[in-house]
Amino acid sequence: MTAAESNGLIHNVHQAPFPDADVLDVVSLLGAAEQERLLNLRAHLQANVRKQVIEYWNREEFPFEMLPGLAEQGLGQLSVDGSSWLFRGLAYAEVSRADDSLSALVGIHNELIVGMIHQLGSDAQREEWLDRLRNFKAIGAFAMTEPDHGSDVSGGLETTAQQTDNGWVINGQKRWIGAGTIADFSLVWARDVADDKVKGFLVRMDLPGVSADKITNKIGLRVMQNADISFDNVQIREEDLLPGAAEFSAANNMLRNSRIWVGWQAYGAQMHAIDVARDYALDRQQFGRPLAKFQLIQQDLAEMISNAMASFGLMYQVARFQEEQRVEMVHAALGKATGSRLLRDTAARARNILGGNGIVSTYEAAKIFSDAEVVHTYEGTYEINSLIVARAVTGVSAFV
Ligand SMILES: Cc1cc2nc3c(=O)[nH]c(=O)nc-3n(C[C@H](O)[C@H](O)[C@H](O)COP(=O)(O)OP(=O)(O)OC[C@H]3O[C@@H](n4cnc5c(N)ncnc54)[C@H](O)[C@@H]3O)c2cc1C
């Protein structure tokens, strides 16, 4: 027992160099260069993003001025810069540890936009977009979900693409599209009326017939500008079809990796919740002592850490599978579903430890708590991902 503990001066322990809540020393699993890169990233996000972004969250605005800093940290090109899968995941988690909305932006940008154009695009598309995307000088939106098709979108998708003599005409509606009002283009998934296959197209947002309306009054991910987008007889060029995405199944690997990113997001958001709750418990005094001195609070903190470390353990194995090229959708679904379930519990405990202040977004716990609801729902809802896991071990699908 330390002198501080024997004197009951837990508060002093906080003022001394305080150990990170990362009790498994997760960062040490990276090589030296990536360790340094991750710690620099953490320092940047904690100093320049975490507190500053709260007002944007409150106002449902996007912090454009933070993009150059994120670009400087290399967050615009994680999927194409040769980073290890573990670093990539931990980088997503670090962004969540500061803000979930920006983590969503960075995750979608890397996994679903940069990654897809890099792997499924033509030389001309790569040349046109990749340099600007790497620096966040361009932003793309991933437009799959529709007003009438969420969980069943892969089979039910209604947006159409009709080939003409000199290109394609796109018609339909998309809902919930992240960055939809600020993006330069959308990667739109539409059904080719000729062969009934779902294909991917790059559609510039300034084309006639494209309109995007911001979805307001969200309870979570309020910094992310989600939109309802309409495509009304939008004429695009023949070369705007992503050649590698002439069938929906071509996107499967990337959709799987994107689901994995959300698993990392759930882990990072839990670390954020622990940071907030631990600091508050050490500072806040009731009954003449810090909250952290109460056993029930300590149990909460211990269980929050146990949730986060369990989420990490799962994602670590998923990253190893990615490195060994044997990752499958069941692994992504397990990581995402479990992380989002545990995040809900961890975030609720953090909110409770802050008492009344846990209801106010400026103390962060309420923001994490609300954002957790989105993590639970997007990239395949908790239920759909659970069904994918159970399908893998029974051989029986409950949803198709
Ligand atoms: C903030 C936010 C950001 C998003 N960003 C994007 C984006 O950038 N691009 C994009 O394309 N989409 C995006 N989405 C859409 C997201 O992927 C969908 O919301 C999600 O797939 C669920 O679809 P839904 O909302 O239509 O719910 P539904 O599919 O209508 O589901 C409603 C409920 O029914 C349950 N359910 C449905 N089917 C079954 C079943 N067979 N068995 C058991 N339960 C079932 C679901 O789990 C859920 O609880 C975003 C969503 C949100 C909220």
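From a predicted model like this one, the values you see are computed outputs, not experimental measurements. As the structure lists them, so they are numbered: ligands from 1, and atoms in each ligand from 1. Numbering starts at 1 and runs along the sequence shown.
Annotation: side chain of Asp184 is not in contact with side chain of Met205 (no heavy-atom distance under 4.5 Å). In this structure, the side chains of Glu379 and Ser258 come closer than 4.5 Å at one or more pairs of heavy atoms. Contact annotation: the side chain of Phe231 approaches that of Lys174 to within less than 4.5 Å [non-hydrogen atoms, C-beta and beyond]. Inter-residue side-chain proximity for Phe321 and Arg326 is flagged as met; some heavy-atom pair is nearer than 4.5 Å.
Listed by number with element, the atoms of ligand 1 under 4.0 Å from a non-hydrogen atom of Glu379 are 17 (O). Here is the list of ligand 1 atoms found below 4.0 Å of a heavy atom in Thr377: 19 (O), 20 (C). Set against the non-hydrogen atoms of Gly178, the atoms of ligand 1 under 4.0 Å away are 7 (C), 8 (O). Near Phe399, meaning under 4.0 Å from one of its heavy atoms, ligand 1 places the atoms 41 (N). In summary, the atoms of ligand 1 found under 4.0 Å from a heavy atom of Val374, numbered by their order in the structure, are 1 (C), 2 (C). Applying the 4.0 Å criterion to heavy atoms of Met144 picks out, from ligand 1, the atoms 11 (O).
The protein reaches atom 1 (C) of ligand 1 closely, with a heavy atom under 4.0 angstrom from it. Counting protein heavy atoms under 4.0 angstrom from atom 4 (C) of ligand 1 gives one or more. Distance remark: protein heavy atom not present below 4.0 angstrom from atom 30 (O) of ligand 1. For atom 35 (C) of ligand 1, the nearest protein heavy atom is 4.0 Å or more away. At least one protein heavy atom sits closer than 4.0 Å to atom 41 (N) of ligand 1.
For Phe142, a nitrogen or oxygen atom sits less than 3.5 Å from a nitrogen or oxygen atom of ligand 1, counting backbone and side chain alike. The shortest N/O to N/O separation between Lys218 and ligand 1 does not fall below 3.5 Å.
The protein heavy atom nearest to atom 14 (N) of ligand 1 is Trp176 CB, 3.5 Å. Considering only non-hydrogen protein atoms, atom 49 (O) of ligand 1 sits nearest to Glu383 OE1, 3.5 Å. The single protein non-hydrogen atom nearest to atom 21 (O) of ligand 1 is Gly150 C, 4.0 Å, given as residue, atom name and distance. The shortest contact between atom 45 (C) of ligand 1 and any protein heavy atom is with Ile384 CD1, 4.4 Å.
Of the N and O atoms on the side chains of Asn166 and Thr164, at least one donor lies less than 3.5 Å from an acceptor on the other residue. When only modelled atom types and interatomic distance are considered, Glu111 and Ser79 share no side-chain donor-acceptor pair under 3.5 Å. Side-chain polar atoms of Asn226 and Lys214 form no donor-acceptor pair below 3.5 angstrom. A donor-acceptor contact under 3.5 angstrom links the side chains of Arg37 and Ser83, judged on distance only. No donor-acceptor contact under 3.5 angstrom links the side chains of Asn352 and Asp300, judged on distance only.
Looking at Arg50, Arg42, Arg88 one by one, the single match for salt bridge (Lys or Arg N to Asp or Glu O under 4.0 Å) with Glu94 turns out to be Arg42.
Contact annotation: for Asn226 versus ligand 1, heavy atoms closer than 4.0 Å belong to the side chain alone.
Taking only non-hydrogen atoms, the option from Ile219, Thr145, Thr381 nearest to atom 22 (C) of ligand 1 is Thr381. Of the listed residues (Ser151, Ser397, Gly220), the one carrying the non-hydrogen atom nearest atom 37 (C) of ligand 1 is Ser151.
Taking the six-membered ring where the residue is Trp, Tyr382 and His376 present parallel rings, their angle staying beneath 30° rather than reaching 60°. In this structure, Tyr280 and Tyr363 have perpendicular ring planes: the angle between them is above 60°, well past the 30° mark.
Separation of the Phe185 and Trp129 ring centroids falls under the 6.0 Å cut-off.
Between Leu387 and ligand 1 there is a heavy-atom distance shorter than 4.0 Å.
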